[in-house]
Amino acid sequence: QVQLVESGGGLVQAGGSLRLSCTASDRSFMWYLMGWFRQAPGKEREFVARISTTGGITYYADSVKGRFTISRDNAKKTVYLQMNSLKPEDTAVYYCAADPRRQGTSDATRYDYWGQGTQVTVSS
């Protein structure tokens, strides 16, 4: 069972930045595709970004493209989400997720392991 632990959430003003981290317990982390998702109150969980095993290929939701950057450090078994130019509509619980089957998808139902989530609140 893979455990994922997120950190780095908090309260920030609009236009500010935060960096989220997600550390895995499994040393096979380097073989997993990883993704970030978010869920705002009353809304469905939505895709934010995903990254290939080496970090060379990334995908973003249109709503965050140009503002967020996903990256990973396989030696530290950690994936990051750098969030810049934050907007109030970015307010949500952010989750990292692992895709050990390497399906290369933005569909949350296809990810096998999830972290507990970290709250990001952006004030206007």
Side-chain angles (χ1 to χ4, degrees):
Q1 183 75 14
V2 177
Q3 291 185 328
L4 302 173
V5 179
E6 299 105 333
S7 61
L11 174 63
V12 64
Q13 289 188 331
S17 298
L18 283 174
R19 188 176 82 153
L20 306 183
S21 300
C22 169
T23 300
S25 61
D26 189 344
R27 59 185 176 182
S28 296
F29 170 84
M30 64 186 294
W31 303 113
Y32 300 162
L33 301 185
M34 296 296 297
W36 284 98
F37 295 79
R38 66 187 183 187
Q39 188 167 17
K43 294 189 176 182
E44 296 286 322
R45 189 170 298 190
E46 66 173 359
F47 166 76
V48 174
R50 59 185 174 96
I51 189 167
S52 63
T53 54
T54 62
I57 300 173
T58 57
Y59 295 92
Y60 297 92
D62 287 342
S63 59
V64 307
K65 203 171 294 182
R67 300 188 297 121
F68 290 10
T69 302
I70 187 171
S71 61
R72 66 190 296 163
D73 184 335
N74 286 337
K76 295 183 178 179
K77 297 182 291 182
T78 299
V79 61
Y80 304 98
L81 186 68
Q82 177 67 44
M83 305 185 294
N84 298 330
S85 302
L86 282 161
K87 304 175 181 180
E89 51 263 44
D90 294 319
T91 295
V93 177
Y94 283 71
Y95 299 89
C96 70
D99 173 17
R101 291 175 286 167
R102 300 195 292 275
Q103 299 170 92
T105 178
S106 302
D107 180 352
T109 65
R110 308 290 288 274
Y111 284 73
D112 293 324
Y113 303 109
W114 292 82
Q116 82 288 352
T118 186
Q119 177 71 47
V120 171
T121 303
V122 184
S123 63
S124 56

Report yes if some heavy atom in the side chain of Val120 is under 4.5 Å from a heavy atom in the side chain of Arg38; otherwise report no. no
Check whether any side-chain heavy atom of Leu20 sits under 4.5 Å from a side-chain heavy atom of Met83, and report yes or no. yes
Minimum heavy-atom distance between Thr23 and Lys76, given as atom pair plus value: CG2-O, 4.0 Å
Looking at every non-hydrogen atom in both residues, tell me the closest pair between Phe37 and Trp114 and how far apart they are. CD1-CH2, 3.5 Å
Gln116 to Val5 - nearest heavy-atom pair and separation: OE1-CA, 3.7 Å
Are Lys87 and Asp90 ion-paired here, with the side-chain N under 4.0 Å from a carboxylate O? no
Residues that, via side-chain heavy atoms closer than 4.5 angstrom, fall in one hydrophobic cluster with Leu33: none
First locate atom OH of Tyr94, then atom CD of Glu6, and finally report the distance between them rounded to the nearest 0.5 Å. 12.5 Å
Where do Val79 and Phe29 come nearest, in terms of heavy atoms and distance? N-CZ, 4.0 Å
Is Tyr113 reachable from Trp36 through a run of hydrophobic residues whose side-chain heavy atoms are each under 4.5 Å from the next? yes
Got a sec: does the NZ of Lys43 have more than 12 other heavy atoms crowding it under 6.0 Å? no
Looking only at heavy atoms, what is the nearest atom pair of Arg67 and Ser85, with distance? NH1-O, 2.9 Å
What's the separation between atom OH in Tyr60 and atom CZ in Phe47, rounded to the nearest 0.5 Å? 9.0 Å
Could you give the distance from CD1 (Ile70) to CD (Gln82), rounded to the nearest 0.5 Å? 12.5 Å
Distance-minimising heavy-atom pair for Gly115 and Tyr95: O-CD2, 3.6 Å
Measure the spacing between OG of Ser7 and CZ of Arg19 and express it to the nearest 0.5 Å. 9.0 Å
For Ile57, does the CD1 atom sit with more than 12 other heavy atoms under 6.0 Å from it, leaving out its own atoms? no
Within the structure provided, determine whether Thr69 and Tyr80 are in side-chain contact (heavy-atom separation under 4.5 Å). no
If the test is side-chain hydrogen bond (donor to acceptor under 3.5 Å, both in side chains), which one of Asp112, Asp26, Asn74, Thr53 qualifies with Tyr32? Asp26
Name every donor-acceptor pair, under 3.5 Å, that has one atom in a side chain of residues 102-111 and the other anywhere in the protein, sequence neighbours excluded.
| unit_1 | atom_1 | unit_2 | atom_2 | d |
| --- | --- | --- | --- | --- |
| Arg102 | NH1 | Trp31 | O | 3.2 |
| Gln103 | OE1 | Arg110 | NE | 2.9 |
| Gln103 | OE1 | Arg110 | NH2 | 3.0 |
| Gln103 | NE2 | Asp99 | OD1 | 3.3 |
| Gln103 | NE2 | Arg110 | O | 2.7 |
| Thr105 | OG1 | Asp107 | N | 2.9 |
| Ser106 | OG | Arg50 | NE | 3.1 |
| Asp107 | OD1 | Thr109 | N | 2.9 |
| Asp107 | OD1 | Thr109 | OG1 | 2.7 |
| Asp107 | OD2 | Thr109 | OG1 | 3.1 |
| Tyr111 | OH | Thr105 | O | 2.6 |

Is it true that, when you exclude Tyr59 itself, more than 12 heavy atoms of the residues, nucleotides or ligands shown sit nearer than 6.0 Å to its OH? no
So if you build clusters from Ile, Leu, Val, Met, Phe, Trp, Tyr with side-chain heavy-atom gaps below 4.5 Å, do Leu81 and Val12 land together? yes
Please check if the number of heavy atoms outside Gln3 that lie under 6.0 Å from its CD is greater than 12. no
May I ask you to check whether Thr121 and Thr91 show a side-chain donor-acceptor distance below 3.5 Å? no
